[in-house]
Asks: 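Sharing a structure, written as structure tokens. Questions coming.
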Amino acid sequence: MKTHLPFLTAVALAVAAPSLFAADVTGKVTLKGTPPPEVTIQMDATCGKLHSAPVTTRHYVTAPDGGLANVLVYVKSGLSGKTFEPPKETPILDQLNCMYEPYVMGVMTNQKFKARNSDSFLHNVHPTPKVTGNAEKNAAQPVKGMETEFSFAKQEILLRIKCDVHPWMFTYVGVVDHPYFAVTGKDGTFKIPNLPPGKYMIEAYHLKTHGANPGVTQEITVDGDKKVDFTIEIKGQ
Ligand SMILES: [Cu+2]
């Protein structure tokens with residue numbers, strides 16, 4: 001029996017002190033209510049011929065069960081006083097067939113990301129921030145494969161980027177002043193990894209639903225992996 005004691009001690013410690021370990025916060029955002037129909041985009045001839053079917057706006061991208069894509073889920077409060085280094089990864093914001101991909105993405109403040117032109121004609125990448133300290137920029141990309149690096153210093157939810165050549169091309173970047181954020185996928189799920197133990201307010205923000213208002217929030221205590229689901233309701237219908 002003696003030989004089992006170290007193992008049991010280790011188990012007891014792990015159970016007694018779960019708060020020593022960072023945890024994953026996962027969940028799903030579900031849309032309640034029927035979204036208005038998307039609008040068909042009227043592309044010019046050059047762009048139109050790249051698509052075999054009509055392309056629409058992406059205001060409410062939902063799964064059959066109501067899972068809502070393109071929601072920025074992030075820690076709204078609970079991290080104050082802490083500073084974080086921006087992640088080394090440089091996410092790609094692509095321009096392909098006259099559409100931005102992805103439609104919503106997240107980066108940390110001062111994290112570099114690259115806008116790329118994957119089309120064989122001119123796009124320009126034109127961020128139009130509203131938060132003081134985030135600079136408006138404009139990068140013409142006349143050649144296929146061109147990449148331009150961007151980063152923004154201040155938190156902004158969400159920062160709009162447009163293409164001036166193609167007036168339907170918009171994309172939105174959640175600039176968050178820490179690394180604990182995620183954007184929901186096509187099924188509405190998200191994962192915020194490695195959140196340190198603590199008490200947090202988590203916000204789920206959806207551009208078309210919330211606009212200038214805050215998203216929906218929940219308070220959670222992270223002392224191990226946590227599941228937190230959100231419902232976003234379309235009002236006024
Ligand atoms: Cu364009």
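Order of appearance sets the numbers: ligands from 1, and atoms from 1 within every ligand. Note that the coordinates shown come from a computational prediction; the quantities given were computed from them, not determined experimentally.
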Asks: Taking the ring of Y103 and the ring of F170, is the distance between their centroids below 6.0 Å?
Replies: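 No; Y103 has its ring centre 6.0 Å or more from that of F170.
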Asks: Closer than 2.8 Å to the Cu ion (ligand 1): does that hold for any N, O or S atom in C98?
Replies: no
Asks: Is the Lys NZ or Arg CZ of K137 less than 6.0 Å from the centre of F152's six-membered ring, within 45° of the axis?
Replies: yes
Asks: Within less than 2.8 Å of the Cu ion (ligand 1), any N, O or S from C163?
Replies: yes
Asks: Measure the acute angle between the ring planes of H178 and F84, then classify it against the limits of 30° and 60° as parallel, tilted or perpendicular.
Replies: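 Because their plane-to-plane angle is over 60°, the rings of H178 and F84 count as perpendicular.
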Asks: Where the Cu ion (ligand 1) is the corner point, what angle links ND1 of H166 with ND1 of H123, to 10°?
Replies: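 The angle at the Cu ion (ligand 1) comes to 100°, rounded to the nearest 10°.
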Asks: From F230 CZ over to K28 NZ, what is the distance, rounded to the nearest 0.5 angstrom?
Replies: 14.5 Å
